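Positions are given from 1 along the sequence. Computed from a predicted structure; not experimentally measured.
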Amino acid sequence: MRKRGFKKFLKGVIISFTIALFIEGGLLIWGNISYVKASISMLSRPEVAVDSSKGPMEGEQTLATTDELEDPENTGSELSFDATTYPYRELLNEREQAVYNQVYSNALDYNTEAFTLTETLTSDELIETMNCVYNDHPELFWLNTSYQYGYNSSNEIVKVQLSYGISKSNLDSAKTAYNNAIENIVSGASSYESEIEIELYVHDAICELATYNSNAELNQSAYSALVNGSTVCAGYARAFQNVCQELGLTCYYLTGTADGGDHAWNIISIDGNFYNVDLTWDDSISESYGSSVYTYFNLTDSEIGVDHTRSTLSANLPACTSTEMSYTNVYGATIEIDDIDNQSGSQLTDGNFTIQAPPEPIIDWHDGPSGNNPINSAPSNEPINNEMENNVPMNRNDMGNKGGH
C-alpha cells in the first residue's frame with residue numbers, strides 16, 4: 001500500500017510539473033512573437049571602466065517584469081546629427097542609429113522611466129550604441145554612464161532605462177553653472193585668432209579650473225571639471241571636447257589605455273590636421289612641476305603611442321600624423337615624454353612619477369591676443385619668449401600658476 005501510494009504521489013508531481021512547463025513554454029512563445037507579457041529582466045551591463053572605479057556602466061543587478069511592451073515614444077526620429085561633429089554615430093548601423101537618437105532624446109528630456117526601443121538590439125549592439133552617445137555628447141553632463149536594459153526570452157534588448165547624476169530639481173541650476181563656465185572660457189578664447197592659440201587657451205583654462213581626483217563626484221562628466229573643479233580623465237576630456245565644440249573646433253573624445261590603465265583623452269583638428277591632446281596628464285605633470293607644461297599637447301599617434309593605445313571603437317576615428325602644430329614646433333621647449341619616469345605605470349598623479357631635468361629651459365607663452373602672434377613672430381623651432389628669472393620657468397600670465405593646486 002505504501003509503494004502504491006508513493007507511485008500515485010510521484011505520478012501527480014510529474015503531471016503537475018509537466019503542466020507547469022507547458023504553461024511557461026506557452027508564455028515564452030507568446031513573448032517571442034509579440035513581446036506581450038514577456039518577462040523583462042533589467043540588468044546593468046558592465047563595460048571597461050574609464051580611469052577609475054566609478055567608470056561607465058556600473059550598477060547592481062535588479063529584476064523587474066512588465067505585462068505589456070508599450071509602443072515607443074520620444075523616438076528622436078526627427079533629429080539629425082552632423083557627421084563631422086558627431087563621428088561615433090556614423091560608426092553605427094541604421095538600427096543602432098535609431099536607438100542612438102532615441103537615447104539622446106530621452107536623456108535630453110530627463111526621462112527616468114524604462115522606454116521601449118524602436119529597434120531591438122543585441123547586448124553588444126546596445127553597448128556600442130550607448131558608448132557612441134556618451135562619446136559624442138559631453139553636453140549631456142547629467143546623464144550617468146550606467147544604465148539598465150530589458151531583454152525578452154530571445155535575449156533581444158527591448159527596453160532601456162537611463163540614470164542621472166544630478167536630480168531633476170537641481171538640473172536647471174546645474175545647467176546655468178555649467179553654461180556659465182563654458183561661456184567664460186569661450187569668451188577668453190574668442191580673443192585669439194588662430195586655432196592653435198584658441199586650443200592652447202582652452203587647454204590651460206581647463207587645467208587651471210580642474211585637478212585630478214579619482215574620488216570626485218560626477219567624475220565621468222564635463223561638469224566635474226568645469227564646475228566642481230575635481231575630476232578624472234573622462235571629465236578633462238569631455239570638458240575640452242565640449243568647449244572646443246562651442247568654439248567651432250572639431251574635437252573628439254577618445255577612450256583606450258595609458259600605461260596599461262583605462263584612460264580617456266582627445267584628438268583635435270587644427271588647420272586641417274588631427275593631433276592627440278591629453279589634458280589629464282599635462283595637468284598632472286604641471287602640478288608636480290610647478291609650471292604649465294605641454295608634454296601631451298598636439299602629438300602624433302606614434303608619439304603618444306609610447307604610452308597610449310586607442311580602444312577598438314576610438315581606433316575608427318581619424319589618424320594623427322602631422323607635427324606642424326606640435327607645441328615644440330610652435331612655441332618652443334616643454335617637458336618631453338622621455339623626461340617622465342613613471343615606474344608605477346599608472347595615472348600620472350599623486351607623486352607616482354618623477355621628472356628629469358629637461359635638456360633646455362621650458363618656455364611659456366606670454367603673448368596676449370594682440371598683434372603679437374607667436375606663430376608669425378618667431379621661427380617654428382625657436383622659443384617664443386626668453387623671459388626667465390634665475391632659469392625658473394615663467395607661467396603664462398593669462399592663466400596663473402599651476403603650482404597653486
Side-chain angles (χ1 to χ4, degrees), residues 31-47 56-57 59 64-164 220-221 238 241-242 245 250 252-255 311-318:
N32 278 332
I33 293 174
S34 66
Y35 304 138
V36 176
K37 296 186 178 179
S39 177
I40 304 295
S41 298
M42 304 300 290
L43 300 173
S44 65
R45 180 73 181 187
E47 179 205 343
M57 321 313 171
T65 59
T66 181
D67 292 329
E68 186 174 357
L69 202 60
E70 304 86 355
D71 292 333
E73 297 180 355
N74 195 13
T75 63
S77 59
E78 76 285 357
L79 299 174
S80 62
F81 296 93
D82 176 69
T84 300
T85 306
Y86 308 107
Y88 283 98
R89 186 180 182 277
E90 295 302 302
L91 303 177
L92 302 175
N93 62 43
E94 289 186 6
R95 292 182 300 105
E96 292 170 329
Q97 287 182 352
V99 173
Y100 174 110
N101 283 27
Q102 190 177 10
V103 169
Y104 176 85
S105 185
N106 279 270
L108 203 61
D109 289 348
Y110 203 98
N111 180 19
T112 59
E113 302 296 325
F115 53 88
T116 303
L117 299 184
T118 59
E119 302 282 351
T120 60
L121 300 178
T122 67
S123 59
D124 288 340
E125 287 175 330
L126 181 64
I127 290 173
E128 185 173 55
T129 301
M130 296 298 290
N131 283 336
C132 287
V133 173
Y134 294 132
N135 292 356
D136 274 343
H137 297 284
E139 74 277 11
L140 298 176
F141 62 84
W142 56 91
L143 179 65
N144 275 341
T145 51
S146 61
Y147 62 92
Q148 295 179 314
Y149 67 77
Y151 58 87
N152 61 20
S153 58
S154 297
N155 289 324
E156 297 169 318
I157 309 302
V158 294
K159 276 197 168 188
V160 165
Q161 186 172 21
L162 304 176
S163 66
Y164 304 94
Q220 297 297 300
S221 71
R238 288 192 168 109
Q241 176 190 17
N242 203 173
Q245 287 175 340
T250 299
Y252 303 142
Y253 178 89
L254 296 187
T255 59
S311 67
T312 302
L313 186 61
S314 294
N316 292 292
L317 270 59

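Remark: D109 pairs with N74, S105 by the side-chain contact (heavy atoms from CB on, under 4.5 Å) rule, at least two apart or across chains. Residues meeting the salt bridge (Lys or Arg N to Asp or Glu O under 4.0 Å) test with E125, sequence neighbours left out: R95. When the side-chain contact (heavy atoms from CB on, under 4.5 Å) test is applied to T116, the partners found at least two apart in sequence or on another chain are L69, E70, P72, K159.
Side-chain contact between L117 and V160: present, with at least one pair of heavy atoms (C-beta onward) separated by less than 4.5 Å. Here the side chains of Y164 and L143 are in contact, with some heavy-atom distance below 4.5 Å. Considering only heavy atoms from C-beta on, N316 stays 4.5 Å or farther from P87 through its side chain. Counting heavy atoms from C-beta on, the side chains of P138 and Q245 come closer than 4.5 Å. At a threshold of 4.5 Å between non-hydrogen side-chain atoms, the residues L108 and L140 count as touching.
With F81 as the aromatic partner, R89 does not meet the cation-pi criteria of under 6.0 angstrom to the ring centre and within 45 degrees of the ring axis.
Here the rule is side chain to side chain donor-acceptor pair (under 3.5 Å) with N106, and of T75, N111, N101 only N111 fits it.
The closest donor-acceptor contact from the side chain of E119 to the backbone of A98 lies at 3.5 Å or more, if one exists at all. T255 contributes no side-chain N or O that, together with a main-chain N or O of S311, makes up a donor-acceptor pair within less than 3.5 Å. The closest donor-acceptor contact from the side chain of N242 to the backbone of R238 lies at 3.5 Å or more, if one exists at all. One N or O on the side chain of Q161 and one on the backbone of T112 form a donor-acceptor pair closer than 3.5 Å. With D82 contributing its side chain and T84 its backbone, the two residues share a donor-acceptor pair below 3.5 Å.
Distance check, rounded to the nearest 0.5 Å: OG1 of T118 to CG of D71 gives 12.0 Å. In this structure, M130 CE and E128 CD are separated by 13.0 Å, a value rounded to the nearest 0.5 Å. For the atom pair CG (L126) and CD1 (I157), the distance works out to 6.0 Å, reported to the nearest 0.5 Å.
Of all heavy-atom pairs spanning Y100 and V133, the tightest one is CD1-CG2, 3.5 Å. Here the closest non-hydrogen pair linking P318 and Y252 is CD-CE1, 4.0 Å. The two atoms that bring S146 and S163 nearest to each other are O-OG, 2.8 Å, heavy atoms only. Annotation for V99 and L121: closest pair CG2-CD1, 3.7 Å, computed over non-hydrogen atoms. The nearest pair of heavy atoms linking N135 to Q241 is O-NE2, 2.9 Å.
Around atom CD of E78, more than 12 heavy atoms belonging to other residues, nucleotides or ligands sit under 6.0 Å away. Other residues, nucleotides and ligands contribute at most 12 non-hydrogen atoms within 6.0 Å of the CD atom of E73.
In this structure, a donor-acceptor pair under 3.5 Å is absent between the side chains of Y104 and D136. Of the N and O atoms on the side chains of S314 and Y88, at least one donor lies less than 3.5 Å from an acceptor on the other residue.
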